[in-house]
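Contents: one structure, followed by commentary.
What you see below is based on every heavy atom in this structure, not just the backbone, and it leaves out hydrogens, waters and symmetry mates. Heads up: numbering here begins at 1 and tracks the sequence.
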Amino acid sequence: MATYKTPDVYIKEISIFPPSVAEVETAIPCFIGYTEKAKKIKKNDLHLKAEKIKSIADYNELYGGGPPLSSINVVLDSNNNASEVDLTQKYYTYDCVRMFFNNGGGKCYIISCGMYGEDVKLTDTRSGTVKYGMEEGLKTLKKEDEPSMIVFPDAVLLSTNGLYDLQQKALSQCGSLQDRVLIADLKNTGDLDADVNE
């Protein structure tokens with residue numbers, strides 16, 4: 001009960017309605033890429049299926065671990081200290097999901113569009129009906145309403161034309177649905193001294 005110390009007219013407002021703005025999550029990414037496995041109950045039952053996960057433990061259970069490293073190059077300086085370390089691996093989705101959760105991410109979706117050991121492809125039909133590839137993962141995502149960000153880290157392993165073609169299709173999906181954005185990576189040409197105006 002409020003205590004009034006001076007005589008005056010006071011208005012006491014009582015809210016009878018709940019808050020008008022509902023709290024919703026605004027950034028739910030969907031990672032489309034290659035995984036070690038895609039198994040919830042039976043082999044490959046999560047292939048090209050959007051699955052919501054809430055931790056890296058969920059990812060490990062359904063999609064396996066990270067990819068094996070292809071090579072590790074270490075350059076030592078004159079004091080035998082590592083001055084450069086270059087880790088080469090073929091797939092990036094696992095590390096991106098791991099960093100998402102390590103940096104406080106709450107939940108995300110995963111779409112496995114292929115397995116480790118396969119070449120990253122834009123689209124690939126095997127034995128007539130089974131489809132694989134990044135574009136097929138993007139088509140699967142179109143049916144989902146909750147994800148608000150499209151992320152495909154493995155797409156940088158496509159050819160330059162394949163990467164940009166996939167990004168154009170993802171931007172087209174963003175434009176038509178109006179409820180998501182694309183996180184786009186660029187090809188690493190290795191030429192850091194190139195003139196930007198060329």
Side-chain angles (χ1 to χ4, degrees), residues 25 27-76 81-124 126 130-141 144 146-160 162-163 166-167 170 180-190:
E25 293 183 85
I28 301 173
C30 180
F31 294 91
I32 302 170
Y34 285 66
T35 59
E36 182 179 25
K37 63 180 185 173
K39 179 182 176 186
K40 190 171 193 173
I41 298 171
K42 62 181 186 171
K43 184 177 180 181
N44 289 337
D45 61 349
L46 290 177
H47 175 70
L48 290 178
K49 302 273 191 288
E51 182 72 18
K52 186 186 333 186
I53 63 170
K54 296 181 179 179
S55 68
I56 195 67
D58 289 349
Y59 182 95
N60 290 334
E61 179 183 335
L62 301 173
Y63 298 100
L69 293 174
S70 301
S71 66
I72 301 173
N73 297 321
V74 179
V75 177
L76 301 176
N81 294 322
S83 61
E84 289 181 39
V85 178
D86 181 28
L87 303 174
T88 305
Q89 65 185 41
K90 193 169 179 178
Y91 308 99
Y92 302 111
T93 299
Y94 174 80
D95 288 325
C96 290
V97 172
R98 184 176 52 82
M99 286 187 282
F100 170 74
F101 286 117
N102 284 349
N103 286 295
K107 66 181 172 181
C108 66
Y109 282 75
I110 307 293
I111 297 175
S112 175
C113 57
M115 303 294 156
Y116 296 160
E118 301 171 354
D119 290 333
V120 175
K121 292 189 176 182
L122 185 61
T123 188
D124 182 16
R126 301 176 194 175
V130 180
K131 296 187 176 188
Y132 293 81
M134 304 298 288
E135 188 176 353
E136 298 304 322
L138 186 62
K139 288 177 186 176
T140 299
L141 177 61
E144 297 296 322
E146 191 175 25
S148 57
M149 294 190 300
I150 303 171
V151 187
F152 27 68
D154 295 334
V156 295
L157 301 167
L158 293 167
S159 67
T160 302
L163 172 64
L166 179 64
Q167 289 175 344
R180 58 196 61 180
V181 297
L182 169 67
I183 307 296
D185 293 315
L186 299 176
K187 273 301 235 193
N188 181 3
T189 62

Examine distances only and state if a side-chain atom of S148 and a backbone atom of I28 form a donor-acceptor pair shorter than 3.5 Å.
yes
Can you name the residues that form a side chain to side chain donor-acceptor pair (under 3.5 Å) with E36, not counting sequence neighbours?
none
Measure from the side-chain N and O atoms of E118 to the backbone N and O of M115, and report whether any donor-acceptor pair falls under 3.5 Å.
yes
How long is the gap from CD1 on I32 to NZ on K139, to the nearest 0.5 Å?
12.5 Å
Please test L141 against C30 for side chain to side chain contact (heavy atoms under 4.5 Å, CB included), starting from the C-alpha separation and ending with a verdict.
CA-CA 8 Å; L141 177 61; C30 180; 3.7 Å; yes
E51 versus L62, closest heavy-atom pair with distance
CG-CD1, 3.8 Å
Please name the pair of heavy atoms, one in C108 and one in F101, separated by the smallest distance, quoted to 0.1 Å.
SG-CZ, 3.8 Å
Walk me through it: do K49 and T140 pass the test side chain to side chain contact (heavy atoms under 4.5 Å, CB included)?
CA-CA 7 Å; K49 302 273 191 288; T140 299; 5.7 Å; no
Ion pair present between R98 and D95, side-chain N to carboxylate O less than 4.0 angstrom?
yes
Given F31, which partner from the list Y63, Y109, F100 fulfils the side-chain contact (heavy atoms from CB on, under 4.5 Å) test?
F100
Interatomic spacing from CG in L46 to OG1 in T35 - rounded to 0.5 Å:
8.5 Å
Looking at K37 and E61, would you say the former's side chain and the latter's main chain have a donor-acceptor pair under 3.5 Å?
yes
For residues D119 and K90, determine if any side-chain heavy atom of one lies less than 4.5 Å from a side-chain heavy atom of the other.
yes
For the residue pair Y59 and Y94, is the inter-centroid distance of their aromatic rings smaller than 6.0 Å?
yes
Nearest heavy-atom contact between I111 and A50 is CG1-CA, 3.7 Å
Quick check: closest heavy atoms across A170 and L182, and the distance to 0.1 Å?
CB-CD1, 3.8 Å
Could you list the donor-acceptor pairs under 3.5 angstrom formed by side chains in residues 149-160, with sequence neighbours left out?
{"residue": "D154", "atom": "OD1", "partner": "Y92", "partner atom": "N", "Å": "2.5"}
{"residue": "D154", "atom": "OD1", "partner": "T93", "partner atom": "N", "Å": "3.2"}
{"residue": "D154", "atom": "OD1", "partner": "T93", "partner atom": "OG1", "Å": "3.4"}
{"residue": "D154", "atom": "OD2", "partner": "Y34", "partner atom": "N", "Å": "2.7"}
{"residue": "D154", "atom": "OD2", "partner": "T93", "partner atom": "OG1", "Å": "2.8"}
{"residue": "S159", "atom": "OG", "partner": "G162", "partner atom": "N", "Å": "3.1"}

Shortest non-hydrogen contact from M134 to C113?
SD-SG, 3.5 Å
Is it true that E146 and K52 make a salt bridge, defined as a side-chain N closer than 4.0 Å to a carboxylate O?
yes
Roughly how far apart are N102 CG and I56 CD1, rounded to 0.5 Å?
7.5 Å
Looking only at non-hydrogen atoms, find the nearest pair between K39 and D45 and report the distance.
CA-OD1, 3.3 Å
